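Note that the coordinates shown come from a computational prediction; the quantities given were computed from them, not determined experimentally.
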Amino acid sequence: MVPRVLIDATAIAADRGALGRYVDGLIGALHRADADLAVVCQRSDEERYGQLAPKARVVAGPTSIAHRQARLAWEQTGLPLVAQQVGAHVIHAPYYSIPLRPGLPTVVTVHDMAYFTDPEEHNPVKTTFIRSATRTAVRRATRVIVPSKATRDDLVRLLGADPTRIDVAYHGVDHTIFHPPTEEERRRVSDRLGLHGRTYIAFLGALEPRKNVPNLIRGWVRATEGLEGPPALILAGSGGWDDELDAALADVPAHLRVIRPGYLPWPSLPGFFAGSLAVALPSRGEGFGLPVLEAMACGATVLTTHRASLPEVGGEAVAYTEPGIEDIATALRALIDDPERRRRLAEAAHVRSREFTWAASAEAHLAAYQRAVEQ
């Protein structure tokens, strides 16, 4: 029997962050794989999922679930009811929490263990809630999906999870969106950022402690010492809560330029990534590292850390650094001074990115759904 799966997409934010890109990419790939699929989502996403998966049953939840607390309450009672209405055989909750009495097998995705490994880097109230919800989901879900072997190993080590109930399903990348850009695409991004051809180091992500942006700023300052026409630093992405960020920015010398453009629309990301000297993502750890993969797919030179899942994504096609200031400074300067190495890494990154597809991810998810029904 091919199970009918209900995917709960109600937690997706409007800006389609990493969670949104995961769920959207997965649903599209499951549809193309002819999965028996139903999706429950916020009313604002009903049309989107109807287009992504025309053969799927798409159900819009009540308007109240646009608010987080109301959504979490609805998840406990409303989600099982929707599962009954669509005749689902399994529920997939793609974000750490599940209904406690679902009435049928459940699969939950645990993206990372950052709230367990680095609790001090997060809001204490949110940390307490997410740790509790994750423990409950890992204990009660029929199957657990993780995006990397590193996250699987952390689940086993930190929560004593049963490894036989964990399925690794790497994320994919949409190569129609993330592709080596034309010179015109690069120029448009450069002009939009006010650089007009000036070189720059790129960062994309939430400005939160785990992303290690203060150390990136200070490392970039040191890496550019003595350079004529030093590259700017572009900190793109949504806001965050890193208390050290303002202090690091305040110490930037007047002759250096930091630009914070905020959210960048998807069509501009290939030009943003590949137009940089390097995409610097010196995170202290990731469950997968989707921005790393997306930058690789655009043919960018990527600098990241040899932590958690990131080597599983980057392999030998990216440059690595430890997360400390001096380490970042040394690694960045080495890339700035070596255009041939940057070229080789960029070419290797694009080739390696082809190994990560949403089709392969969908296949791994379908196997997990089947195991959940058969357990």
Side-chain angles (χ1 to χ4, degrees), residues 15-18 21 24-25 171-205 216-217 220 223-224 227-238 255-282 289-304 313-321 331-358:
D15 66 1
R16 321 314 285 189
R21 300 203 299 283
D24 289 2
H171 292 339
V173 62
D174 187 337
H175 290 277
T176 62
I177 297 174
F178 297 98
H179 59 270
T182 64
E183 287 302 319
E184 175 60 20
E185 288 177 293
R186 297 180 192 225
R187 185 195 62 76
R188 283 200 302 267
V189 172
S190 180
D191 290 350
R192 174 179 176 174
L193 295 171
L195 293 170
H196 305 292
R198 178 178 174 179
T199 59
Y200 63 94
I201 303 297
F203 169 88
L204 177 70
L216 170 59
I217 294 169
W220 160 74
T224 56
L227 288 178
E228 292 185 11
L233 178 63
I234 314 299
L235 303 177
S238 59
H255 73 284
L256 295 179
R257 187 174 181 188
V258 180
I259 300 173
R260 297 176 63 181
Y263 174 78
L264 292 179
W266 285 18
S268 68
L269 291 181
F272 174 66
F273 284 141
S276 67
L277 290 179
V279 179
L281 302 166
L290 198 51
V292 169
L293 177 59
E294 291 166 346
M296 291 167 61
C298 295
T301 301
V302 178
L303 174 66
T304 189
V313 179
E316 297 182 358
V318 304
Y320 291 101
T321 178
L332 265 183
R333 184 58 180 261
L335 289 173
I336 291 170
D337 289 344
D338 194 343
E340 178 58 23
R341 183 181 177 220
R342 296 200 307 269
R343 183 192 65 78
R344 291 196 308 269
L345 285 171
E347 289 179 355
H350 181 246
V351 171
R352 182 171 174 82
S353 74
R354 292 285 179 180
E355 299 176 17
F356 295 88
T357 67
W358 284 118

*Rounded to the nearest 0.5 Å, how far does CD of Glu185 lie from CZ of Arg188?*
5.5 Å
_Exam field: side chain Thr224 to backbone Trp220, donor-acceptor pair closer than 3.5 Å_ = yes
*Go through the structure and list residues passing side chain to side chain donor-acceptor pair (under 3.5 Å) with Glu316, not counting sequence neighbours.*
none
With a cut-off of 3.5 Å and sequence neighbours excluded, list every side-chain donor-acceptor pair involving residues 267-275.
{"unit_1": "Ser268", "atom_1": "OG", "unit_2": "Pro265", "atom_2": "O", "d": "2.7"}

*Partners meeting side chain to side chain contact (heavy atoms under 4.5 Å, CB included) with Ala346 (sequence neighbours left out)*: Thr301
*Partners meeting side chain to side chain contact (heavy atoms under 4.5 Å, CB included) with Arg333 (sequence neighbours left out)*: Ala223, Leu227, Asp337
*Do you know which of Ser353, Cys298, Pro180 makes side-chain contact (heavy atoms from CB on, under 4.5 Å) with His175?*
Ser353
_Residue pair Leu233 / Ile217, side-chain heavy-atom distance below 4.5 Å_ = yes
*List for me each residue that meets side chain to side chain contact (heavy atoms under 4.5 Å, CB included) alongside Ile177, sequence neighbours excluded, and say none if there are none.*
Asp174, Trp266
*asked:* Just so I know, are the side chains of Leu332 and Leu216 near enough to count as touching, which here means a heavy-atom distance under 4.5 Å?
replied: yes
*Any residue meeting ring-ring contact (aromatic ring centres under 6.0 Å, His included) with Trp358, in chain and number order, not counting sequence neighbours*: His171
*Ala232: what forms a side chain to side chain contact (heavy atoms under 4.5 Å, CB included) with it, not counting sequence neighbours?*
Leu195, Arg198, Tyr200, Ile234, Arg257
*Considering all heavy atoms of both residues, which atom of Val302 and which atom of Ala295 are nearest to each other, and what is their separation?*
CG2-CB, 3.8 Å
*Would you please name every residue forming a salt bridge (charged side-chain N to carboxylate O under 4.0 Å, His left out) with Arg343, sequence neighbours left out?*
Glu340, Glu347
_Closest heavy-atom pair and its distance - Ser190, Gly197_ = OG-N, 2.8 Å
*How close do Ala300 and Val279 get, heavy atom to heavy atom, and via which atoms?*
CB-CG2, 3.8 Å
_With salt bridge (charged side-chain N to carboxylate O under 4.0 Å, His left out) as the rule and sequence neighbours excluded, what pairs involving residues 293-303 come up?_
Arg21-Glu294
*asked:* Tell me every residue that passes side chain to side chain donor-acceptor pair (under 3.5 Å) with His196, counting only those two or more places apart in sequence or in another chain.
replied: Asp191
*Sidechain-backbone polar pair: Arg342 side chain, Leu335 backbone, donor-acceptor under 3.5 Å*: yes
*What closest approach, in Å, do Ile336 and Pro231 show between heavy atoms, and which atom pair accounts for it?*
CD1-CG, 4.0 Å
*asked:* Which heavy atom of Leu281 sits nearest to which heavy atom of Thr304, and what is that distance?
replied: O-OG1, 2.8 Å
*Please list, chain by chain and in numerical order, all residues satisfying salt bridge (charged side-chain N to carboxylate O under 4.0 Å, His left out) with Arg352, sequence neighbours excluded.*
Glu355
*Shortest non-hydrogen contact from His350 to Ala297?*
CD2-O, 3.1 Å
*asked:* Contact between Pro282 and Leu303 at the side-chain level, heavy atoms closer than 4.5 Å - yes or no?
replied: no
*Name all residues meeting the side chain to side chain donor-acceptor pair (under 3.5 Å) criterion together with Glu184; count only those two or more places apart in sequence or in a different chain, and write none if there are none.*
Arg187
*With the side chain counted from C-beta on, respond yes when Val313 and Met296 share a heavy-atom pair under 4.5 Å apart, and no when they do not.*
yes
